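Throughout, a chain's letter reflects where its sequence line sits, starting with A, and its residues are numbered from 1. Here the structure is a predicted model, which is why all the values come from computation and not from measurement.
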There are 2 protein chains.
Amino acid sequence: MTNAALDEASVLPEALHAALRDAILERALPPGTAVTESAVALRHGVARSTARLAIERLVGDGLLRRAPHQAARVPSLDAGDIADIYESREVVERAAIERLARSGSIPAAALRAHRELLAIDPDTPFARIDATFHRELVAGQPNARLVRMHGLLMGEIEMCIAQVQAERVLTPAEIAAQHQAILDAVVAGDADLAGRLTGEHIRGARDRLLAAYDRDRARQ
Amino acid sequence: MTNAALDEASVLPEALHAALRDAILERALPPGTAVTESAVALRHGVARSTARLAIERLVGDGLLRRAPHQAARVPSLDAGDIADIYESREVVERAAIERLARSGSIPAAALRAHRELLAIDPDTPFARIDATFHRELVAGQPNARLVRMHGLLMGEIEMCIAQVQAERVLTPAEIAAQHQAILDAVVAGDADLAGRLTGEHIRGARDRLLAAYDRDRARQ
DNA sequence: GATCAAAGATTGTCGAACAATCTGGAGGAT
DNA sequence: ATCCTCCAGATTGTTCGACAATCTTTGATC
């Protein structure tokens, strides 16, 4: 019963899953790249069945897509995908934040991410830290289904951000200020305000990403 | 390109997945039952790796739970689970219905399920038809992520219903009347009303299920 | 240049094997 | 009698190799 993170069955596929996930989110595997089972197996020194398992999980996460008898590929998301993902995220995260506000306490991990965002240099990329903040915030309320759905959506969002060469129009400090407002509302127990601020925050992020997407698309 | 349902990789694990799923939802595998890879493989005449894959998908669906090096088991859901699942479903389905109302059209498959519910005998179990109606309604709007999340939640909900010996306090006709009101609002393009009615409908279902759960629990 | 067939690549599934880990029971110590 | 230890069985975790099914690409033919 010493176990902390049970459920994450088996370390090998889990490690592979994480490695591939990072590769996709860091754009080391650009959209359209074929991810074949044997290549992954060879590259990481595991059996094909193990590689297959990791790939299958990525497909479940929405970070890879696969048709029968074809290699899995990194999907390239269009404006419709971005809009859908952010719409879903708004719905889920808003509900989670409202529930969190009813409890009134901020999880420590979220606070850490918040302070980290406040501390970094204005030019550092911060998408990862921002995502961590939101994940931890949602994880702080007790509804496990909301946490799971939110995690899936955040994965796809990080992939969007990696694919769009999003120029930073907002600094980390400006983002953190919005986060601060949400935190304040949560601590104050004002679920409605916290939810509204969360909605605005997410819609703003969506609009900036869509604008960057259009710019990218126009350039080519 | 003749393919209709691509994505559902490989027929064998898919069939196994469906078979096990049905067994769980029909309570043929009561909560607590251990589902071992070799037993499934032997029972269905497939290799263990294939059975393993199907089981893993069920775990992903939330219809089975598994700790490392232990057999997967059918989870028995408690009142907290029921509350969480229905809270999540309300949030997701409401958003989907509001979006559907903005389009204003009812998917044909949902209409079929609706009429089926109107036609059946008052004593017939109708949980499956009811679930189909809601699934098809959500599938009628274009956000694929909402459809996926809703599908996961509906699977868990069907499992809840199977586990609780829910005495039917409402007849199919009464349920169908609530559905009709939602459909009317959707056709009228009144997203707000459709959303509100959906929320009430789902909360009502949750309350009846929780009451039945308490009754069950008291009996033993 | 278009069409069709063969070759190659990739997934889908199987079977066997062994290590790692968990569970439950037998037997011994207190 | 109760608790502990240890062993045996059960189950998963992972590997390897093999072959069929299917998709893609190449090449030959017309």
Rounded interatomic separation in angstrom, taking [atom1] from [X] and [atom2] from [N]:
X        : N       : atom1 : atom2 : answer
Glu14(B) : dT13(C) : CD    : P     : 11 Å
Glu37(A) : dC23(D) : CD    : P     : 15 Å
Arg73(A) : dT24(D) : CZ    : C1'   : 10 Å
Leu16(A) : dG13(D) : CG    : P     : 15 Å
Ile55(B) : dT12(D) : CD1   : C1'   : 10 Å
His17(A) : dG13(D) : NE2   : C1'   : 17 Å
Leu53(B) : dG13(D) : CG    : P     : 13 Å

For dT13(C), does OP1 or OP2 lie under 4.0 Å from any side-chain N or O of Arg52(B)?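 It does not, given that no N or O in the side chain of Arg52(B) lies less than 4.0 Å from OP1 or OP2 of dT13(C).
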Given dT23(C), is OP1 or OP2 found less than 4.0 Å from the side-chain N or O atoms of Gln70(B)?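 Yes.
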So with a 6.0 Å cut-off around CZ of Arg203(A), is the heavy-atom count from everything else above 12?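 Yes.
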For residues 105-117 of chain A, please give each side-chain donor-acceptor pair under 3.5 Å, one per line with the distance, not counting sequence neighbours.
unit_1, atom_1, unit_2, atom_2, d
His114(A), NE2, Gln180(A), OE1, 2.9

Walk along nucleotides 14-21 of chain C from 5' to 3' and tag each nucleotide B, S or - by protein heavy-atom contact under 4.0 Å, base first, then sugar-phosphate. B--B--BS
Sequence neighbours excluded, which residues qualify as side-chain contact (heavy atoms from CB on, under 4.5 Å) partners of Ala71(B)?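 So Ala71(B) forms a side-chain contact (heavy atoms from CB on, under 4.5 Å) with Ala34(B), Thr36(B).
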Just by modelled atom types, is the Ala131(A) backbone N or O under 3.5 Å from a matching donor or acceptor in the Glu158(A) side chain?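 Checked: no pair found.
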For the side chain of Glu98(B) and the backbone of Ala95(B), is there at least one donor-acceptor N/O pair under 3.5 Å apart?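 Side chain of Glu98(B) to backbone of Ala95(B): no pair is present.
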Is any side-chain heavy atom of His134(A) closer than 4.5 Å to one of Asp130(A)?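 In contact.
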